[in-house]
There are 2 protein chains.
Amino acid sequence: MVSVGTVPGPIQSIERAAAMLRLLARGSGEYGLAEVAASLGLPKGTAHGILRTLQRVAFVEQDEETGRYRLGAALLHLGTSYLDANELRSRSLNWADALAARSGQEVRIGVHHDGAVLVVHHVFRPDDTMQTLGIGAMLPLHATAFGKVLLAYDADLSAATRRRELTSLTRRTIVTPQSLERVLTQVRAAGWANDAEEYLPGEASIAAPIRAPGGLVVGAIGISGSVDRICDSASRAKPALVSQVASAAEAISRALSD
Amino acid sequence: MVSVGTVPGPIQSIERAAAMLRLLARGSGEYGLAEVAASLGLPKGTAHGILRTLQRVAFVEQDEETGRYRLGAALLHLGTSYLDANELRSRSLNWADALAARSGQEVRIGVHHDGAVLVVHHVFRPDDTMQTLGIGAMLPLHATAFGKVLLAYDADLSAATRRRELTSLTRRTIVTPQSLERVLTQVRAAGWANDAEEYLPGEASIAAPIRAPGGLVVGAIGISGSVDRICDSASRAKPALVSQVASAAEAISRALSD
DNA sequence: CGTCACCGTTCGACATTGTCGACCGCACCC
DNA sequence: GGGTGCGGTCGACAATGTCGAACGGTGACG
């Protein structure tokens with residue numbers, strides 16, 4: 001955005017660099033210079049200058065054989081440092097472990113980031129099955145219990161989400177703004193949210209809000225597992241599990257007040 | 001670096017932004033504007049412009065109450081995306097899980113990044129004890145088995161490390177360049193490295209090199225645990241464990257050739 | 001209660017830098 | 001052999017990022 005003289009707006013080259021990193025975080029994760037330039041609507045010379053600098057600070061790496069670019073190692077350290085400094089997460093660790101032990105399910109904690117749920121903590125199911133690390137994953141708002149909790153207590157986010165097209169992920173995904181609003185009303189009444197095969201077939205979740213002092217919802221904690229373990233035969237969340245999740249959320253909320 | 005006309009060097013504002021993010025990854029993880037400016041030798045107006053832009057792209061957050069800055073949520077997603085695209089890690093996952101099951105110890109995979117070992121994969125010990133996620137952590141090169149492996153097969157890195165002061169972390173840490181060089185010669189001869197209470201008191205590790213096609217060492221895989229489980233009474237690595245680590249490293253190296 | 005110091009923030013002049021078109025060598029394909 | 005598209009370089013110059021000066025706010029101190 002340009003006007004007479006410089007408007008004290010954002011620094012263009014930093015915004016472009018950030019857009020480049022976000023691009024490289026998508027899809028195959030590996031792009032040629034021409035693809036990066038085309039995707040961002042930049043001349044190749046411009047894109048190359050930015051990539052060269054990002055490479056120099058290790059935010060980007062270039063494959064020596066193919067010349068294609070991908071995200072660099074420095075970002076892992078920064079991402080982890082963000083986690084380490086995340087107070088919500090650090091104050092939730094013990095409660096999350098306890099919830100996993102008690103419920104026998106995997107536990108995650110998520111916050112709102114960029115129109116999705118960003119997982120900031122993940123405790124594996126307490127069994128020997130092979131599991132993949134969920135930290136850093138982005139989950140859809142409308143199709144997960146975590147997302148419904150965040151939507152229920154954020155009017156702006158909720159309005160923005162309803163304006164956007166709700167993607168159908170399974171045959172049970174909520175895809176109309178009206179249905180979503182009805183469900184969010186129920187979430188606010190109940191104080192917790194559930195999803196049953198709306199995000200992944202065969203899988204269900206229960207989540208509850210984590211509140212900062214003053215009541216603002218800053219995140220959600222929840223459990224996930226196979227639908228027959230989380231829900232009864234009518235796809236309703238099992239009351240015992242709901243109670244455990246709600247207790248953990250309340251305990252974390254109290255911990256944030258100290 | 002400035003000369004007549006613009007030298008096709010790095011873009012200053014992107015380098016400054018990266019330095020700012022690295023600063024925020026250190027220490028308390030939270031800095032005021034004046035501290036950031038002072039730390040990087042920049043005028044406050046300059047630092048503010050960069051922080052405002054980093055905040056706008058969610059790479060930085062500002063505490064509403066104190067006005068202090070910290071790393072932002074977008075970095076977690078980028079860090080995780082780097083991991084997801086990391087071929088060394090994706091090809092190592094199964095072998096790492098198998099090594100943890102077989103050895104009964106925690107397993108990590110590390111690569112060289114910015115003069116340290118960056119942990120790109122971590123499998124918890126197969127037991128119920130509370131453990132903290134090691135992915136993204138930076139480990140010292142001279143005081144860990146992982147680091148010694150990386151140093152042993154990288155002459156430039158080794159020379160650079162010996163020029164730097166070797167920090168004493170425990171009373172067993174190697175602190176002279178001569179001792180380090182002697183140890184690295186042994187590592188090359190043996191094909192694996194060991195540390196015994198050189199990094200953390202009471203803890204030991206064994207690591208072996210992961211090689212890309214052509215033989216270049218691109219990472220190290222290793223186990224860690226209490227020193228009495230990893231070593232015999234003379235602080236020597238137990239041969240059965242060494243064999244397991246070496247086998248896993250060789251298997252991963254072969255997987256990288258496919 | 002008034003003063004002081006330092007904070008984060010804003011603004012605009014202007015010097016410097018980042019932009020980007022033109023061109024390059026290379027690799028691949030027909 | 002010619003055509004196409006790649007990553008990359010270079011330098012003119014327009015646009016931007018820099019940064020000094022000033023601001024209001026806040027907390028500490030006497």
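So that the names make sense, note that chain A is the first sequence line, chain B the second, and so on, each numbered from 1. Every heavy atom of this structure was used, including side-chain atoms; hydrogens, water molecules and symmetry mates were not.
- With hydrogens and angles disregarded, no donor-acceptor distance shorter than 3.5 Å links the side chain of A/Arg108 to the backbone of A/His122.
- One interatomic measurement links the two molecules: CG of A/Leu51 to P of D/dC6, which rounds to 15 Å at whole-angstrom precision.
- For the pair B/Leu40 CG and D/dT18 P, the interatomic distance rounds to 12 Å; values are reported in whole Å.
- Atom CH2 of A/Trp192 has more than 12 heavy atoms from other residues, nucleotides or ligands within 6.0 Å.
- Checked by atom type and distance alone, the side chain of B/Ser168 pairs as donor or acceptor with a backbone atom of B/Thr170 at under 3.5 Å.
- The closest donor-acceptor contact from the side chain of B/Arg52 to the backbone of A/Gly9 lies under 3.5 Å.
- D/dC6 atom C1' lies 12 Å from atom CD of A/Gln62, rounded to whole Å.
- For A/Glu61 and D/dG7, the CD to P distance is 17 Å, given to the nearest whole Å.
- Identified under the side chain to side chain donor-acceptor pair (under 3.5 Å) test for residues 14-23 of chain B, with sequence neighbours left out: A/Arg56-B/Glu15.
- Applying the side chain to side chain donor-acceptor pair (under 3.5 Å) test to every pair with at least one member in residues 29-46 of chain A, sequence neighbours left out, gives these pairs: A/Glu30-A/Arg70, A/Glu35-A/Arg68.
- As a whole-Å value, the separation of A/Leu54 CG from D/dG8 P is 14 Å.
- A sub-4.0 Å separation between OP1 or OP2 of D/dG17 and a side-chain N or O of A/Ser13 is present.
- Look at B/His48 and you won't find any side-chain N or O under 4.0 angstrom from OP1 or OP2 of C/dG8.
- Panel note: side chain B/Ser253, backbone B/Arg211; a donor-acceptor pair is recorded below 3.5 Å.
- Inter-residue side-chain proximity for A/Phe59 and A/Leu78 is flagged as met; some heavy-atom pair is nearer than 4.5 Å.
- Looking at the side chain of A/Ile11, the nearest of the listed nucleotides D/dT18, C/dT9, D/dG7 is D/dT18.
- The separation between A/Glu65 atom CD and D/dG7 atom C1' is 16 Å, rounded to whole Å.
- Rounded to whole angstrom, the span from the CZ atom of B/Arg68 across to the P atom of C/dT9 amounts to 13 Å.
- B/His112 places no side-chain N or O within 3.5 Å of a backbone atom of B/Val117 that could act as its donor or acceptor partner.
- Rounding to the nearest 0.5 Å places NE2 of A/His142 at 9.0 Å from CD of A/Glu165.
- For the contact set between residues 32-39 of chain B and DNA chain C, defined by any heavy atom under 4.0 Å, the members are B/Gly32, B/Leu33, B/Ala34.
- One side chain, A/Ser13 or B/Ser13, offers a donor N or O that lies under 3.5 Å from an acceptor on the other.
- Applying the 4.0 Å criterion to OP1 and OP2 of D/dG8, one finds that A/Tyr69 has a side-chain N or O inside that range.
- Terminal axes of the helix from C/dC1-D/dG30 to C/dC30-D/dG1 (five pairs each, C1' rotation axis) are separated by 40°, to the nearest 10°.
- The CZ atom of B/Arg52 sits 12 Å away from the C1' atom of D/dT18 (whole-angstrom rounding).
- For B/Gln12, no side-chain nitrogen or oxygen approaches OP1 or OP2 of D/dT16 to under 4.0 Å.
- Of all the residues in residues 19-29 of chain A, not one reaches under 4.0 Å from DNA chain C with any non-hydrogen atom.
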Please write out the pairs of protein N or O atoms and N or O atoms of nucleotides 20-28 of chain C separated by less than 3.5 Å, giving the distance to one decimal.
unit_1 : atom_1 : unit_2  : atom_2 : d
C/dC20 : OP2    : A/Thr46 : OG1    : 3.2

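- Counting only distance, with no hydrogens or angles, the side chain of A/Ser158 and the backbone of A/Asp154 share no donor-acceptor pair below 3.5 Å.
- One finds the CZ atom of A/Arg89 at 7.0 Å from the CG atom of A/Asp84 (value rounded to the nearest 0.5 Å).
- Within the 3.5 Å criterion, the main-chain N or O of A/Ile11 finds a donor-acceptor partner in the side chain of B/Thr53.
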